[in-house]
K.L.:
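I am attaching a structure below and will ask some questions about it afterwards.
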Amino acid sequence: MSKAATQLARTKSPVPPGWRKEVESVLITDAQLARRVRSLAREIERDYRGREMVVVSLLNGTVLFLADLIRHLSLPLRLDFIGVSSYGAGTESGELVFTKELRLDVRGRDVLLVDDILDTGKTLSRVIPKLRALKPQRLKVCVLLDKPSRRVEEVAADYVGFKIPDVFVVGYGLDFAERYRNLPFVGVLHPHVYKQVNQSVAKPVRRR
Ligand code: XMP
């Protein structure tokens, strides 16, 4: 576990005017994200120095975090993606389906698995054994956010950006019904937004 995993003090940061109708509060500001991602990259660099690493990232929620993290890693690396979809309505997680398999050979390699958020642990508890079966020399896990209070599977990450309370968050890659990934901060939506979509979703939808 990353020693520096940042415990959040409540930010009083105002919601940018364009988002006020939908976003209730900012949990992590863009400046806090930028600072923490840089320091995570420094921790990872220290641990992986000397060998080429393979970064394996889970689609789609990691895209913003991943792009910022790897541009601060001054190491030789190769990048690949695993697609995982959770078919569930609104904020409830559903059945996991792999939508893209890894292309690179990771046997004997130093692998860093990057995900957006470790919540119940159901996703990583499926993905980690799948990767281990490919016999990497080393496998460490990096998540931007960790919600330890929601865990139902025994999974821990080696590098954690922020520990957050049990609230459904959006932004910086994280979505609600495929929206809000482009927020430059991590925030919480007004309850009416969650209600509208949860009620209008009649069929299972793709969430990741
Ligand atoms: P689990 O429960 O399997 O969670 O650890 C894994 C995936 O579920 C999604 N997730 C969220 N997405 N806000 C989101 O936008 C949240 O608060 C949240 N919690 C879980 C996410 O795709 C994550 O990788």
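Keep in mind it's a predicted model, so treat the numbers as computed, not measured. Atoms within each ligand, like the ligands themselves, are counted from 1 in listed order.
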K.L.:
Under 3.5 Å, side-chain donor or acceptor atoms of residues 65-76 against the rest of the protein: list the pairs with distances, not counting sequence neighbours.
P.N.:
| from | atom 1 | to | atom 2 | distance (Å) |
| --- | --- | --- | --- | --- |
| Asp68 | OD1 | Arg71 | NH2 | 3.4 |
| Asp68 | OD2 | Tyr172 | OH | 2.6 |
| Arg71 | NE | Ala67 | O | 3.0 |
| Ser74 | OG | Glu45 | OE2 | 3.4 |

K.L.:
For Asp80, check side-chain hydrogen bond (donor to acceptor under 3.5 Å, both in side chains) against everything at least two apart and list the hits.
P.N.:
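By the side-chain hydrogen bond (donor to acceptor under 3.5 Å, both in side chains) rule, Asp80 matches Lys100.
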K.L.:
Is any side-chain heavy atom of Leu183 closer than 4.5 Å to one of Val170?
P.N.:
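SC-SC contact between Val170 and Leu183 confirmed.
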K.L.:
Does an N or O from Val169, backbone or side chain, lie closer than 3.5 Å to an N or O of ligand 1?
P.N.:
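Yes - when backbone and side-chain N and O of Val169 are compared with those of ligand 1, one distance drops under 3.5 Å.
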K.L.:
Can you sort out which atoms of ligand 1 are near Asp175, meaning under 4.0 Å from one of its heavy atoms?
P.N.:
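Near Asp175, the atoms of ligand 1 are 14 (C), 15 (O).
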K.L.:
Below a 4.0 angstrom heavy-atom separation, can you tell me which part of Asp115, side chain or backbone, both or neither, approaches ligand 1?
P.N.:
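Side chain only.
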K.L.:
Are Val170 and ligand 1 in contact, using a heavy-atom cut-off of under 4.0 Å?
P.N.:
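So Val170 does not count as touching ligand 1.
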K.L.:
Report, in ascending order of atom number, the atoms of ligand 1 lying under 4.0 Å from any heavy atom of Lys147.
P.N.:
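Counting atoms of ligand 1 from 1, those under 4.0 Å from Lys147 are 16 (C), 17 (O), 19 (N).
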K.L.:
Please determine whether any non-hydrogen atom of Phe176 lies less than 4.0 Å from an atom of ligand 1.
P.N.:
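No.
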K.L.:
Can you confirm whether Leu144 sits close enough to Leu33 that some side-chain heavy atom of one is under 4.5 Å from a side-chain heavy atom of the other?
P.N.:
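In short, these two side chains touch, coming nearer than 4.5 Å.
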K.L.:
Keeping Lys147 on the side-chain end and Val167 on the backbone end, is there a donor-acceptor pair under 3.5 Å?
P.N.:
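Checked: pair present.
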K.L.:
With atoms numbered from 1 as shown, which atoms in ligand 1 lie under 4.0 angstrom from a non-hydrogen atom of Asp116?
P.N.:
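Listed by number with element: 21 (C), 22 (O), 23 (C), 24 (O).
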K.L.:
Within 45° of the six-membered ring axis of Tyr48 and under 6.0 Å from that ring's centre, is NZ or CZ of Arg138 located there?
P.N.:
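Yes, cation above the ring, under 6.0 Å and within 45°.
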K.L.:
Counting only nitrogen or oxygen atoms and a 3.5 angstrom limit, does Gly121 reach ligand 1?
P.N.:
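Right, the criterion is met.
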